[in-house]
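See below for the structure under consideration.
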Amino acid sequence: MAEPLDRYDADLTTPQMVILELDAEDKFDASAQLAQRMYEAGRISDLEGFLGHVNAREHQLATGLPGGIGLPHARSEFVSRTSIAVGITKYGRALDFGAADGPATVILLIATPASSFSDHLEVLATLARSLSKESFRESLRRAYDPEVISELINSSLVFFDH
């Protein structure tokens with residue numbers, strides 16, 4: 001059974017689910033590397049099954065946001081609890097997630113249990129609001145510390161307004 005999202009106890013990401021200097025061939029490789037971290041953290045039960053859902057979603061609609069952000073995401077029965085894995089691309093590298101303004105250097109893979117439709121939308125909307133601020137995007141890019149990056153993501157999801 002999926003755990004309900006508790007926005008006041010948000011450890012949606014951990015330092016173990018952050019990849020600094022992500023070196024991926026393309027957006028699918030980036031999602032695979034980030035999903036592997038989730039799998040190792042016990043957040044997803046079937047790596048290939050979950051990636052099938054992520055890639056199917058990616059084929060439906062681009063998940064790039066303005067400002068160099070890739071936001072691949074999926075709801076899946078293979079997800080035990082809402083989680084976010086973060087990749088900051090290696091210097092000089094960027095990945096095409098279909099954003100109108102160009103490729104992404106910050107990738108956030110969002111995984112939510114299949115039954116958690118409202119949690120999925122809430123996390124997407126809240127993250128998108130935070131990521132629309134250039135100062136937040138720059139903080140992620142410059143942090144260069146998995147602890148700091150996971151804290152930035154988690155705190156952005158705790159203090160959102162309705």
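What you are looking at is a predicted structure, and each value in this text was computed from that prediction instead of being measured.
In this structure Tyr144 satisfies the ring-ring contact (aromatic ring centres under 6.0 Å, His included) test with no other residue, sequence neighbours excluded. With sequence neighbours excluded, no residue forms a ring-ring contact (aromatic ring centres under 6.0 Å, His included) with Tyr39. Residues forming a side-chain hydrogen bond (donor to acceptor under 3.5 Å, both in side chains) with Asp29 (at least two apart in sequence, or on another chain): Gln33.
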Could you tabulate the donor-acceptor pairs under 3.5 Å formed by side-chain atoms of residues 64-75, not counting sequence neighbours?
residue : atom : partner : partner atom : Å
His73   : ND1  : Leu71   : O            : 2.7
His73   : NE2  : Arg57   : NE           : 3.3
His73   : NE2  : Arg57   : NH2          : 3.4
Arg75   : NH1  : Ala114  : O            : 2.5

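Counting heavy atoms from C-beta outward, Ile84 and Leu127 have side chains that approach closer than 4.5 Å. Using a 4.5 Å heavy-atom cutoff, the side chains of Leu22 and Lys90 are not in contact. Using a 4.5 Å cut-off on side-chain heavy atoms (C-beta onward), Leu95 and Pro103 make no contact. Residues Ile110 and Leu124 are in side-chain contact: their nearest non-hydrogen atoms beyond the backbone lie under 4.5 Å apart. Here the side chains of Gln36 and Leu34 are not in contact, with every heavy-atom distance at 4.5 Å or above. For the pair Ile149 and Pro146, the minimum side-chain heavy-atom distance is 4.5 Å or more.
With Thr126 contributing its side chain and Leu157 its backbone, the two residues share no donor-acceptor pair below 3.5 Å. A side-chain donor-acceptor contact under 3.5 Å links Asn154 to the backbone of Thr13. In terms of modelled atom types and a separation under 3.5 Å, the side chain of Arg37 and the main chain of Gln16 share a donor-acceptor contact. In this structure a side-chain-to-backbone donor-acceptor pair under 3.5 Å is missing from Arg43 to Arg81.
Residue pairs satisfying the side chain to side chain donor-acceptor pair (under 3.5 Å) criterion with at least one member in residues 95-112, sequence neighbours excluded, are listed as follows: Thr105-Arg141, Thr112-His120. Among residue pairs with one or both ends in residues 82-105, none qualify as ring-ring contact (aromatic ring centres under 6.0 Å, His included); sequence neighbours excluded.
Donor-acceptor pairing under 3.5 Å is lacking for the side chains of Glu58 and Ser31.
Criterion: ILVMFWY side-chain heavy atoms under 4.5 Å apart, direct or through other members. Under it, Val148 and Leu140 are part of a common hydrophobic cluster.
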